[in-house]
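Step one of this worksheet: look at the structure below.
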Amino acid sequence: MTDRASDVPRQLLLAAAAVIAAVAAVIGSGALGGTPIAEAADGALAADATFVAPAGTAFAIWSLLYVGFLALAVWQALPAQRGNPRVRDLWWLIALSLLLNALWIATVQLGWVYVSAVVILVLLATLAVIFARCLRTRPASRVEAVLLDGVMGLYLGWVVVATVANIAAALKAGDVGGLGLGAEPWAVVVLVIAAAVGAGLAFISGGRAAFALAMIWGLGWIAVGRLAEAPESAVVGGVAVGAAVVVALATGAARLGREARPARVATTS
């Protein structure tokens, strides 16, 4: 009982981090005196800022994510979750990711685009560690699979795409230029890299759906942005569509491989 009681501070700290992230999101939406993210930092992160900026509708995924964060915070705070070994292993990393998210919003509000790029890279690394640790053990219930593995998978998948857009915005804000290739060719390069990362993580994870869905969502809205909105680019839009298809196919293949594995073992035994 004493050991389980020691989980209470952890439960409260993670819940507090989720509340801080939610409040920061409200500020970042333009409420409570904040500036909408698309308008902050002179529009550096607007939907038409760079060739890899997703169309505005893509950011609706944040609403789903924040609902997931708060649901996760409530679930892990229940007495039944005291002593949950997976929560004990991950709580501080999840709390860190939520605080980094709030910090990212603060840097954008202050117009610090370069700093925001550094923060989102740290956030990406943190989420990658969470994802890797989630893969080490299986969830104890369907609820845990959705609220822990599912929410964190969505979070990582979206942040992969958001990191690409954020770094592009920072480079543009710094007048770095096309780095010898031009903005449009570089957009193609980073989308190809994003597709490779998505496909690789799909196979590593056995085709985790949440991660893939978030990446496909983000890549798809990059395609919409380039095919229907400024700055228009049929090439970048087409590559974004292709990247989304690659992630989808890799995820499907990985899931099929994972499901077929026990059957092959049973046949040979």
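Looking only at side-chain heavy atoms (C-beta outward), V190 and V52 come within less than 4.5 Å of each other. Between Q76 and N84, the closest side-chain pair of non-hydrogen atoms is not below 4.5 Å. Using a 4.5 Å heavy-atom cutoff, the side chains of L154 and F211 are not in contact. Q81 places a side-chain heavy atom less than 4.5 Å from the side chain of W75. Side-chain contact between V8 and R82 is present, with heavy atoms from C-beta onward closer than 4.5 Å. Side-chain atoms of I222 and F51, non-hydrogen and from C-beta on, never get closer than 4.5 Å to each other. Using a 4.5 Å heavy-atom threshold, the side chains of L99 and L103 count as separate. Looking at L93 and V129, their side chains come closer than 4.5 Å, going by heavy atoms from C-beta outward.
Side-chain atoms of R255 come within 3.5 Å of backbone atoms of G207 as a donor-acceptor pair (strictly under, hydrogens ignored). Side chain of K172 to backbone of A49: a donor-acceptor contact under 3.5 angstrom is found.
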Let's go through L72 and I94 carefully: what are the C-alpha distance in whole Å and the side-chain angles of both, what is the deciding distance for side-chain contact (heavy atoms from CB on, under 4.5 Å) to 0.1 Å, and is it a yes or a no? CA-CA 10 Å; L72 171 58; I94 296 172; 4.1 Å; yes
List the steps, then state whether side-chain contact (heavy atoms from CB on, under 4.5 Å) holds for M152 with L90. CA-CA 11 Å; M152 289 297 108; L90 292 168; over 6 Å; no
Stepwise side-chain contact (heavy atoms from CB on, under 4.5 Å) test for R88 and R10: CA-CA 8 Å; R88 282 181 170 179; R10 291 193 282 269; 3.5 Å; yes
Do V189 and I193 pass the side-chain contact (heavy atoms from CB on, under 4.5 Å) test, and can you show the C-alpha distance, the side-chain angles, and the key distance before you say yes or no? CA-CA 6 Å; V189 170; I193 293 172; 4.0 Å; yes
D7 and W91: side chain to side chain donor-acceptor pair (under 3.5 Å), yes or no, with the steps? CA-CA 10 Å; D7 285 324; W91 78 271; over 6 Å; no
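The environment of W62 atom CH2 is dense: over 12 non-hydrogen atoms of other residues, nucleotides or ligands sit within 6.0 angstrom. For R136, the CZ atom is densely surrounded, since the number of other residues' heavy atoms within 6.0 Å is greater than 12. At most 12 heavy atoms of other shown residues, nucleotides or ligands fall within 6.0 angstrom of atom CG in D42.
Between Y155 and F69, the ring centre distance stays below 6.0 Å. For F59 and W158, the ring centers are positioned less than 6.0 Å apart.
In this structure, V241 is not a member of the same hydrophobic cluster as V246, with clusters built from ILVMFWY side-chain heavy atoms closer than 4.5 Å. Follow the hydrophobic side-chain contacts under 4.5 Å out from V26 and you never reach L64; the two are in separate clusters. The hydrophobic cluster containing V164 also contains L124, counting ILVMFWY residues as joined when their side-chain heavy atoms lie under 4.5 angstrom apart, directly or transitively. Cluster membership check: V239 does not share its hydrophobic cluster with L227, using side-chain heavy-atom separations under 4.5 Å among Ile, Leu, Val, Met, Phe, Trp and Tyr.
At a cut-off of 3.5 Å, with distance as the only test, a side-chain donor of R86 or T137 sits close to an acceptor on the other residue.
Each of R208, R142, R133 was evaluated against D149; a single residue qualifies, R208, per the salt bridge (charged side-chain N to carboxylate O under 4.0 Å, His left out) test.
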